[in-house]
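For reference, the structure discussed in these notes is given below.
Each chain gets a letter, A, B and so on, in the order its sequence line appears, and its residues count up from 1. Predicted model, so just to flag it, every value in this text is computed and none were measured.
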2 protein chains.
Amino acid sequence: MPETRFRHIADRLVSEYAELPPGTKVAGEHEIAERFGVGRAAARAAMQELQRRMLVRRIKGGGTYTAKRIDYMISADRAPSWSRTVRDAGAVPRSVVLSCDPLDLPHDVAVHLGRAPDEAGYRLRRRSFTDDLPASWGDEWVPVDVLPQLPTAIRHESSLHEILRQMAGASPERASSRASIEVASDEVAEGLECATGDPVWLVESVNRDAASGRLLCFTRRWIRADAMRVVFELGGSVPSADAPG
Amino acid sequence: MPETRFRHIADRLVSEYAELPPGTKVAGEHEIAERFGVGRAAARAAMQELQRRMLVRRIKGGGTYTAKRIDYMISADRAPSWSRTVRDAGAVPRSVVLSCDPLDLPHDVAVHLGRAPDEAGYRLRRRSFTDDLPASWGDEWVPVDVLPQLPTAIRHESSLHEILRQMAGASPERASSRASIEVASDEVAEGLECATGDPVWLVESVNRDAASGRLLCFTRRWIRADAMRVVFELGGSVPSADAPG
DNA sequence: GAGTGGTCTAGACCACTAC
DNA sequence: TAGTGGTCTAGACCACTCC
């Protein structure tokens, strides 16, 4: 293990920042360079190391802040709801509707929902936050006949899960889901307010009504890897080490 | 979108490298700096951008080479076998046994396997390759009574999946599995021959015999994110856009 | 306007790899 | 031994955010 300057600085800062609550503003590059008596390149390398380890969030012109990753659990027996999932992890969820347009279902979406291409649907585009930090961005596709009143309903209740329960009388559950790590394109980076090329999750899910099996919606959502630690569980929850049985 | 120098260089190189077969050696930092008439910092930023996008692999003192990510599919209906999974993705798998020691099952492993702590087991530690590039590293835990002859068998056949089939008469399948993205510790980085702090997958799985349901082994495996694009599927394969039906 | 992170120059030395 | 990527200095200008 090389004993480089920036690595030494990074390790120091890791232990210092570990005791700070998430969201605390910390020293900037210039200050770190001065404090440790190094050039800005070394100080910058140290800060970028912390960012790579997802321990801080850096905002151009704004500063550097301690960060916390939230667990986003995906499994067959958990509700397919952003609010529920985030709340279960101990954070505060929030969603903002960017658009809700009537559009024909694209080919790939129609396939996922077992519909004919060009059937009428709604594309609900939202940005979601954990503790008021942007964490997720993406589309929800709902066939019009599943929920004709979606555009008006979404103005009063931001949880699609709740709307489906209350207005469509459905109990949404995951029919299938697929997750992978990708690299943020320009469009995704803009939606997530991160940099192009940052690591992001792509989660695609099809939800159905638990009682009837009817397919309800298709979700294509990007999630910032520095905001959420997506954990995908197959075949029931794997018991964790500190919760035996 | 900012029109920075390094971004312009990176975009140029992306389109140039796209036509090269994986593993091709490409120009180094110094050469890029000269070619585009920029300082080394700009050239370096461009190369690091390509590395972040997982398009190249860089080896200290060795050079920069074009890279390719292999799909590693995990779902209930796929065989829990490294060789099979890699071969299915069109690459050549290889595994090297680092150690195979008789050890008491640690607490957490015993819990996963439904055993009492401190029962006798084997810890099989291996490094695995795709197209001769290090891609995975981790442990397989097998209770001794499942496969007493494992240490000798693994000397002749590198696939644990095959050994379980042939010598234990079992048909291994995934009982449960759990995947997340983590940041490489020093130990993991050494096992994967990557840098500390690089993004890596952690995949933990419990495998059972399809016929009897008997739990066979527990796997804790780290996978380089730049080598494999892990895709996790829940509730059956989600049909892809170009394979409707 | 002050401070921040992002970009960039023109050098330098080093450890490492390949030959 | 030549070339590579990794680290580092001591400056600089910029766009951006916060106040």
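Annotation for A:Arg52 and B:Val183: closest pair O-CG2, 4.1 Å, computed over non-hydrogen atoms.
Between D:dT9, C:dC16, C:dG5, one nucleotide has an atom nearer to the side chain of A:Glu29 than all others, and that is C:dG5.
Between the side chains of B:Arg221 and B:Ser205, no donor N or O sits under 3.5 Å from an acceptor N or O.
Here D:dT7 presents its P atom at 17 Å from CZ of A:Phe36, a figure rounded to the nearest Å. Atom CD in B:Glu49 sits roughly 9 Å away from atom P in C:dT7 (whole-Å rounding). With rounding to whole Å, A:Met47 atom CE is found 17 Å from C:dT7 atom C1'. What separates CZ of B:Arg7 from P of C:dT7 is a distance of 10 Å, to the nearest Å. If you measure from atom CZ of A:Arg58 to atom C1' of C:dT7, you get 13 Å, rounded to the nearest angstrom. Here D:dT4 presents its P atom at 16 Å from CG of B:Leu50, a figure rounded to the nearest Å. Rounded to whole angstrom, the span from the NE2 atom of A:His8 across to the P atom of D:dG6 amounts to 22 Å. Rounding to whole angstrom units, CZ of residue A:Phe6 and C1' of D:dT9 are separated by 16 Å.
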_For a salt bridge (Lys or Arg N to Asp or Glu O under 4.0 Å) check, start with the C-alpha distance between A:Arg40 and A:Glu34, then their side-chain angles and the critical distance, and finish with the verdict._
CA-CA 9 Å; A:Arg40 246 196 91 197; A:Glu34 209 177 322; over 6 Å; no
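Side-chain nitrogen and oxygen atoms of B:Thr4 include none within less than 4.0 Å of the OP1 or OP2 phosphate oxygen of C:dG6. Contact annotation: A:Arg5 side-chain N/O to D:dT9 OP1/OP2 distance is under 4.0 Å. One finds no side-chain N or O of B:Arg40 lying less than 4.0 angstrom from the OP1 or OP2 phosphate oxygen of C:dA10. At C:dG6, one or more side-chain N or O atoms of A:Arg44 fall inside 4.0 Å of OP1 or OP2 (strictly under the cut-off). Applying the 4.0 Å criterion to OP1 and OP2 of D:dT4, one finds that B:Thr64 has every side-chain N and O outside that range.
For the salt bridge (charged side-chain N to carboxylate O under 4.0 Å, His left out) condition, the pairs that include at least one residue of residues 90-100 of chain B, sequence neighbours left out, are B:Arg94-B:Asp132.
Taking the nucleotide of DNA chain D with the nearest heavy atom to each of B:Gln51 and A:Lys25, the more 5' of the two is matched to B:Gln51. Along DNA chain C, the nucleotide nearest B:His30 and the nucleotide nearest B:Gly39 are compared for position; the residue whose nucleotide lies closer to the 5' end is B:Gly39.
The bend of the helix from C:dG1-D:dC18 to C:dA18-D:dT1, defined by the angle between the axes of its first five and last five pairs, stands at 10° to the nearest 10°.
Between B:Trp201 and B:Tyr72, the ring center distance fails the sub-6.0 Å criterion.
When heavy atoms are screened at a 4.0 angstrom cut-off, A:Ala41 is found touching base atoms of the nucleic acid.
None of B:Ser95, B:Ser83, B:Ser136 except one satisfies the side chain to side chain donor-acceptor pair (under 3.5 Å) rule with B:Ser128; the exception is B:Ser95.
Between A:Glu49 and A:Arg53 there is a salt bridge, with a side-chain nitrogen of the basic residue lying less than 4.0 Å from a carboxylate oxygen of the acidic one.
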